[in-house]
Amino acid sequence: QVQLVESGGGLVQAGGSLRLSCAASGRTFSSYVMGWFRQAPGKEREFVAGINWSGSITRYADSVKGRFTISRENAKNTVYLQMNSLKPEDTADYYCAAGALLSLRPTAYAYWGQGTQVTVSS
């Protein structure tokens, strides 16, 4: 069992930056693939970024490549999402998730946080 708590969301102007954090409980954090997803009002939840257990493999949605960076600190049971050059279309609730496979599909992740809201103003 893993419990996930996101933080770091907020309101930012276009072009600005935010860093999201996701703190995990449990001693098995380092064995999980971690992912960040987002969901805008009226839209389906979509993959943003994922990272394998060691941090050696990362994947990104095309829409965020070159702007967002996912990383993890297993000693702190924490995964991060550094978001730079934010755009209004990045506005959404952002969720971290833990799973066994580095997948773009939300159904591949067994554990989810409650989400943190990111609003990018133009």
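Keep in mind that the numbers below use all heavy atoms, side chains included, and drop hydrogens, waters and symmetry copies.
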Pairwise distance CG(Asn77) to CE(Met34) - rounded to 0.5 angstrom: 9.5 Å
Contacts of Trp112 that satisfy ring pair (Phe, Tyr, Trp, His ring centres under 6.0 Å) - sequence neighbours left out: Phe37
Hey, does Asp90 have a side-chain heavy atom less than 4.5 Å from the side chain of Met83? no
Contacts of type ring pair (Phe, Tyr, Trp, His ring centres under 6.0 Å), residue Phe68, not counting sequence neighbours: none
Can you name the nearest heavy-atom pair linking Ser21 to Thr78, along with the distance? CB-CG2, 4.3 Å
CD/Glu73 to OG/Ser30 distance, rounded to the nearest 0.5 angstrom? 13.5 Å
Taking all non-hydrogen atoms of both residues into account, name the closest pair between Leu4 and Cys22 and its distance. CB-SG, 3.8 Å
Nearest heavy-atom approach of Leu86 to Leu18 is CD1-N, 3.9 Å
Do Arg72's NZ or CZ and the ring of Phe29 fall within the cation-pi criteria of under 6.0 Å and 45°? yes
Mind checking the OG-NZ spacing from Ser122 to Lys87? Nearest 0.5 Å is all I need. 14.0 Å
If we ignore hydrogens and angles and just use 3.5 Å, is the side chain of Tyr109 paired with the main-chain N or O of Ser103 as donor and acceptor? yes
Is there a side-chain contact (heavy atoms from CB on, under 4.5 Å) between Ile70 and Val79? Walk through the geometry before answering. CA-CA 7 Å; Ile70 188 171; Val79 62; 3.9 Å; yes
If we ignore hydrogens and angles and just use 3.5 Å, is the side chain of Asn74 paired with the main-chain N or O of Ser54 as donor and acceptor? no
For Asn52 against Leu102, the heavy-atom pair lying closest together: N-CD1, 3.9 Å
Give a yes or no answer on whether the side chain of Thr91 reaches the backbone of Val120 with a donor-acceptor pair at less than 3.5 Å. yes
Without swapping roles, check the side chain of Glu6 against the backbone of Gln114 for a donor-acceptor pair under 3.5 Å. yes
Can you get from Val33 to Tyr95 by hopping between Ile, Leu, Val, Met, Phe, Trp and Tyr side chains that sit under 4.5 Å apart? yes
May I ask you to test the Arg38-Val64 pair for a side-chain heavy-atom distance under 4.5 Å? yes
How far does CD of Gln39 sit from CG of Asp93, to the nearest 0.5 angstrom? 7.5 Å
If you count the non-hydrogen atoms of other residues, nucleotides and ligands that lie under 6.0 Å from CG in Leu101, is the total more than 12? no
Which atoms form the tightest heavy-atom contact between Asn84 and Ser17, and what is the distance? OD1-OG, 2.9 Å
Reported OH-to-CG distance for the pair Tyr60 and Leu81, which is rounded to 0.5 angstrom: 7.5 Å
About how many Å separate CH2 of Trp36 and CG of Leu20, when rounded to the nearest 0.5 Å? 4.5 Å
Neighbour count >12 (heavy atoms, 6.0 Å) for atom CD, Glu46: yes
For the student: nearest non-hydrogen atoms of Lys65 and Asp62, plus distance: NZ-OD1, 3.2 Å
Determine, using the 4.5 Å side-chain heavy-atom cutoff (strictly less than), whether Tyr94 and Val5 are members of one ILVMFWY cluster. no
